[in-house]
Amino acid sequence: MELNWSTFLLEIFNFLVLVWILKRFLYQPVLDIIARRRAAIETQLAEARQQHAEADALKQQYEHRLADWEHERQQALDRLMQEIEETRNQQMQKLKAELSQQEEKTRVARSRQDKQLIRAIEQRALQQSAEFASRLLAEAAGPELENRLFDLLLNGLSALPADQIEALGNKWGESPETIVVSSAYPLDDDKRHQLEATLSRVTGLSAPVHYEQDAKLLAGLNITIGSWLLQLNVRDELRGFMELADIES
Amino acid sequence: MGEDSLFIRPIFEWGPVNLTTTVITTWVVMAIIGGFAWLATRRLQMSPARFQTLVEAVVSIIEESIRDIAPLHVQQILPFIGTLWVFIVIANLTGLIPGMHSPTRDLSATAAIAFLVFLSVHWYGIRLQGLKNYLVHYLKPSPILLPFNLISEVTRTIALAVRLFGNMMSLEMVALLVLMVAGFLAPVPILMLHIVEALVQAYIFGMLALIYVASGLQSQQLRQQKQGENHA
């Protein structure tokens, strides 16, 4: 156990050389590669964090987009519901209008039917009245009624004003050869003279009068002057009454 | 067991320079460690293989051990402390090889390493803190402790050298004695103990050296911690 100074100094030198060797060939390269690996890991971690942040951002963006889509969907649904409601209201109004028109048509048709029915009833009543009156007058017709009608004819012709008498001058066209007088019952001579005198005065004609008997007239006279016909008898009055009923219906 | 087993004799003398087996063995150890380091770091890759993983694990363990004691000066003191651990482990284990003895069995070698530790404490302290700040730490916590601090600087260095030398020499002596008394293969358990003791002594030597260096840097660390607290 002694201290060899040569060994002591050489060992110092040897150890310092070994420190340099290990620092140069072991510590520095290993620490560098560890540092580079740590840096690479840090870089990867940073990239991972960045990707994570980007993923979070994308997630939030997608969530916002989903929320927007949901909002838009809800708005579209609301608009659709509103359009459906508006369409329903329009259809309801249209249906109501159609129903109203249909009701109006029905009412008009019913009114028309009622009027036609009333008119048919009135026509039928008129026909029945006419038939009743015709039967009644046919049963009641007789010489007395014809005399009354004859008197009424004479009074009417006699009461014609001058302008009407003058207007009658052209009704029969050319001067007729004969004047035909038909009656339900035979006229006596006195009545014939009164009638001829009245006709001569009113028409201004001097044509001979030919007398005929027509029982179908029931009562009264028919006077034919050319194309002009003067009727005052029960049959034609009833016929006129019937035609008047038809015209009114 | 002859006198050669107890004393280190020079095998080559050239003037004042004596080449002993300790120096030769140290060169062999240096060559092995240097070659290993060169081979290990020749093709480093970002995705390490098993061998590279082992090397990186060793360096990382050394780095973490230093960081636990002196977290602010890892880069500066790692080469010296790490080399202490690596060299002493290999040097201690060299004694297991038949015909060779550990360089650390030589007091000259352990004293040289301890002397380097002694110098490194002051070197790192003055280099990182400045001469004035470094010398002031001998007066703390009280100037009365200055003589004790100075004495401890010497005694702990001697203790480092003698502890490592005594343990390694005693181990080899025990192994030789057991071999001579019990015969071949009998000292195998002692050799197993040699391995454990070699690792433990290397760890103790390196950790003590680290603590000594860190204690020289302690005042700067405290000052930086205070500055950090003030900034915070």
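Order of the sequence lines sets the chain letters (A, B, ...), proteins ahead of strands, with each chain counted from 1. All figures in this text were calculated on a predicted structure; none of them were measured in a lab. What's counted below: heavy atoms across the whole structure, side chains too, no hydrogens, waters or symmetry copies.
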Query - Which residues share a side-chain contact (heavy atoms from CB on, under 4.5 Å) with A/Ile118, sequence neighbours left out - result: A/Glu122

Query - Heavy atoms from other residues, nucleotides or ligands near CZ of B/Phe51 exceed 12 (cutoff 6.0 Å) - result: yes

**Report entry** Residue pairs, two or more places apart or on separate chains, that pass side-chain hydrogen bond (donor to acceptor under 3.5 Å, both in side chains) and touch residues 35-46 of chain B
**Finding:** none

Can I get a per-line list of side-chain donor-acceptor pairs under 3.5 Å for residues 90-98 of chain B, giving both atom names and the distance, sequence neighbours left out?
from: B/Asn92; atom 1: OD1; to: B/Thr104; atom 2: OG1; distance (Å): 2.5
from: B/Asn92; atom 1: ND2; to: B/Ile88; atom 2: O; distance (Å): 3.2
from: B/Asn92; atom 1: ND2; to: B/Ala198; atom 2: O; distance (Å): 3.0
from: B/Thr94; atom 1: OG1; to: B/Ile90; atom 2: O; distance (Å): 2.6
from: B/Thr94; atom 1: OG1; to: B/Ala91; atom 2: O; distance (Å): 3.3

Report task. Over all heavy atoms of both residues, which pair between B/Met46 and A/Arg37 is shortest? Give the atoms and the distance, please. Result -> O-NE, 2.9 Å

Which value, rounded to the nearest 0.5 Å, describes the distance between [X] atom [atom1] and [Y] atom [atom2]?
X	Y	atom1	atom2	answer
B/Thr26	A/Leu10	OG1	CG	9.0 Å
A/Glu11	B/Thr22	CD	OG1	6.5 Å
B/Leu78	A/Leu31	CG	CG	6.0 Å

Largest heavy-atom contact set with chain A, pairs under 4.5 Å, which of [options]:
options	answer
B/Ala37, B/Ser108, B/Ala109	B/Ser108
B/Gly34, B/Gly82, B/Ala40	B/Gly82
B/Val86, B/Ile113, B/Leu84	B/Leu84

Report task. Tabulate, in ascending numerical order, the residues of residues 13-29 of chain A having at least one heavy atom closer than 4.5 Å to a heavy atom of chain B, or enter 'none'. Result -> A/Asn14, A/Phe15, A/Leu16, A/Val17, A/Leu18, A/Val19, A/Ile21, A/Leu22, A/Lys23, A/Phe25, A/Leu26, A/Tyr27, A/Pro29

Report task. Counting only heavy atoms closer than 4.5 Å, note whether B/Val59 contacts chain A via side chain, backbone, both or neither. Result -> side chain

